[in-house]
Structure formats: structure tokens, C-alpha cells
Amino acid sequence: MTRLATALYRAALFILPRDFRDRYGPELVDCFAELAVSARLHGRFAVGIVLLRSIADTFFQAVFLRTKRNGNSPALRGDHMWQDLRYAARRLLRRPSFTFVTVLTLALGVAAATSVFFHYEGRVSTDDAQVDAHIAPIAPKIAGTIAGILVDDPRYGRVTVSWETFERVDFAPAGSGPGYGDFPAGSDIFGTLTTRDGRTLRGRIVYDLDESRTNEALEGSFEGVDYSIPFRMIATIAPSSGHPTRVTLRDGTELPLEGEGDVGEQNAGALVFAKEGGKPAYVAWADVERIDLDRPSP
Amino acid sequence: MTEEKGFHILVALAAKPLHGYAIRQEVEARTEGQVRLWPTTLYGLLSELASGGLIEETDFEAGPDDDPRRRYYVLTAKGRRFLAAEAARMEGLARLARANLGLGKARA
């Protein structure tokens, strides 16, 4: 969720002047990512709000930076917000192409965020029969076509099947799919991390620097199917340089998962808190030999 | 509003060098959530303050666990003088306002 929000925010940065974007782009993305991770603690809706406010902020700053008057330092100028907004509006009317691009970017950002967040939250309230079977079409509102299907499977967690891989689906009667009892509330992730140089670190684990609860999911792909597996279902994660990461589930199933984020090079590493409240040990993804996760308490 | 936010950034940096997200947290904590700096506003202001010579990037490293990609910002000597002058100006204005409202201490 936070990755998706960060990707949408990164896309919104394209309305900023290029020199500003080149200079501060990575920091802006990092800063937003930290905001999104904090907001995630309050739920997906909070992430959506942070995303929309940050995109709106980017829009106003884009207008401001592009219409900035020479010789004035906005940071130290007087409290001229309304004058600035009126001035910006006049400039926007004089530059219809820029206005069109910024409004379009904002609209797409809002539409994508709305669709995605309603998709997740809507699962519990919609009367759509497909959702009763815990199967939902992916983002048909954005592209106008179905990109694939989502299946909540008690064995693997959430599985995304792309339209190309998808062959057929048989709908079960409403209510026969997994219930809320199959998706318990999360607890902190505990386990043992073994480094490539043989050290073992035991304690509370924050995976990829943003996943700390057993009901959060590890994401990866295998043979055209995208998996989103809650950490409570995972027994072992064993990265392998240049090869898929071997993920072993609690029922013994092994999945060689590929992807850039949770199971690939862009994984930000892990924190291990040996003692609660103490300073964590940080282990980079490249230094992780394997992570054995404790079975969550029932 | 813009000026106020810029001032808050200078106040936050007066104590120690901070990276962007830490500046945001510091300002939010100091103002008890009254002032929130969204990322693009924050970096827009940092850019302006740096152009004005009031802050600059520094090689400060917080510790081995810190993200090495982070850029830290620090107040320059000019920034310190500016902040002190602004604080004095605001103090003077506040004193004047209190006196005119009859809120000041009674003179002996």
C-alpha cells in the first residue's frame, strides 16, 4: 500500500519544474515514503489522505515555483498566500497547456488513489457477488478493462492473477469462501535473522523497513502470478543473489518469488530489535542469509 | 504563512543539523501539530532558504544506522544572525501588542 502511494506521488512530481525535481526528487520521495509509513499505522484511509494532500501540495508548489517572481524569496516574504493564489490562477489561465497537464496529472492521481483505496475498503461493504466469493477484478475503473483478478486464498494469502495467466474462474456460493476468522488481527513479527557472515540476530523484526506486523504482506511473483502473503503464513525467507528468493510457508509450500521490492534488490533491509525499546540492528538485504519467522501466537 | 513556515524551519535547524523529514517532525512537534510541512512545500522552502544563504547542506552523519542518502541541512552564520534579528523583531512586536492591550506587567 505504501509503495503504491509512493509510486503515485513520484508520478505527481513530474509537474514540478525539472531543475527542482532533479535536485530534490529523491528526497521528496523518501520524505513522502516516511510519511506514508507513519500514516499506515492509522490504516489505509490515512495513507490515502496523506497521498491526496501531498499531491495537492505538489500542485500548488508547482504553480508557485513556475510563477515565482525574480528577486523575491517566498520563504521570507510576507503572508501573501491569497495574493499568490490569485496571481497563480491568472498565470494558469495564460498558460493553458501547463494548466491542462497539471490538472490531468492531479485528476489521474486522485482517480487512481480513489479507485485503489475504495477497492480495498469496499471489499467489506459492496454487494457485488464476486466480492462475496473473495474474488475481485483489478482496477477496472482506471483502465476500462479488467487487468486480472484478485483471490484471497487461505493457503497463500492474496494472489493476483494477470489477465494473460487467467484461464477460468468458478464462482462459489456467497458465504462459502474464507471468512474474517481466516484473517486474524496481526501481531509484531518475531524471528531469527541469519547474516551471510554467520551472525544470528533474534528479536522483533521490521522487514524491508516498513513491514512490522504479521498481517502485513510480503509481495512477489512466480510464474505470472503475483502473491501477497501475510507474514503470519511465512516460515522462512531465504534470499539468493541473482536468483529468486525462496519463501517457505508454514504448510511446507516453497515459492521461489521474484520482484524488486520485498524479495529483490530494492528491499531496504531489516531491523532486528533484540530488546524492546533498545537500538535495533540493521541488516542490509544483501547481507541476509535467511530469516526464520516465529509462529504467531493464536 | 510561507514566511512563518520558513521561520519554523530556521528555528528547527538552530539546534542541530537535520534532514528533511526530521525537520518536518521537529516543526510539527514544536508547534504541537499547528504547522505541518508537506514534502513539496518543505523542500521548496529549503531551496529558498539555501538560495538566500540562510541554510546550507552539511556532511553531518547521525550514525551508522542512518540512511546515507539523506541530506542534512544546517543554519549558516547569516542564518543565525537573521534568526536572531527576526526573534528580536517579533519579541518587540509582541511586547508592543501586550502593552497596548494592557496585558503587560504593571510598572512600579
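Atoms considered below: every heavy atom in the structure, side chains included; atoms not considered: hydrogens, waters and symmetry mates. Here the structure is a predicted model, which is why all the values come from computation and not from measurement. Order of the sequence lines sets the chain letters (A, B, ...), proteins ahead of strands, with each chain counted from 1.
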Next on the checklist: Would you compute the distance between atom CD of A:Gln61 and atom OH of B:Tyr43 and round it to the nearest 0.5 angstrom?
Outcome noted: 13.0 Å
Item to check | Between CD on residue B:Gln25 and CG on residue A:Leu35, distance to nearest 0.5 Å | outcome: 8.5 Å
Checklist entry - Is A:Arg53 atom CZ crowded by more than 12 heavy atoms from other residues, nucleotides or ligands, each under 6.0 Å away? => result no
Checklist entry - Any chance CZ of B:Arg89 has more than 12 other-residue heavy atoms, nucleotides or ligands included, within less than 6.0 Å? => result yes
Checklist entry - How close do A:Leu28 and B:Pro39 get, heavy atom to heavy atom, and via which atoms? => result CD2-O, 3.3 Å
Item to check | Close side-chain approach of A:Phe60 to B:Thr40, heavy-atom, < 4.5 Å | outcome: no
Next on the checklist: I'd like to know whether CZ of A:Arg202 has more than 12 heavy-atom contacts from other residues, nucleotides or ligands below 6.0 angstrom.
Outcome noted: yes
Item to check | B:Arg24 CZ to A:Ser38 OG distance, which is reported to the nearest 0.5 Å | outcome: 8.0 Å
Next on the checklist: Just checking B:Glu57: does its CD atom have more than 12 heavy atoms from other residues, nucleotides or ligands closer to it than 6.0 angstrom?
Outcome noted: yes
Item to check | Gap separating the CG atom of A:Asp30 from the NE2 atom of B:His19, nearest 0.5 angstrom | outcome: 10.0 Å
Checklist outcome for this item: Bottom line for A:Leu271: the part with an atom under 4.5 Å from chain B's heavy atoms is neither
Item to check | Interface moiety of B:Leu42 toward chain A, non-hydrogen atoms closer than 4.5 Å | outcome: side chain
Next on the checklist: I want to check something: taking the side chain as every heavy atom from C-beta on, are B:Trp38 and A:Val50 in contact at a cut-off of under 4.5 Å?
Outcome noted: yes
Next on the checklist: For the OG atom of B:Ser47 and the OH atom of A:Tyr24, what is their distance to the nearest 0.5 Å?
Outcome noted: 4.0 Å
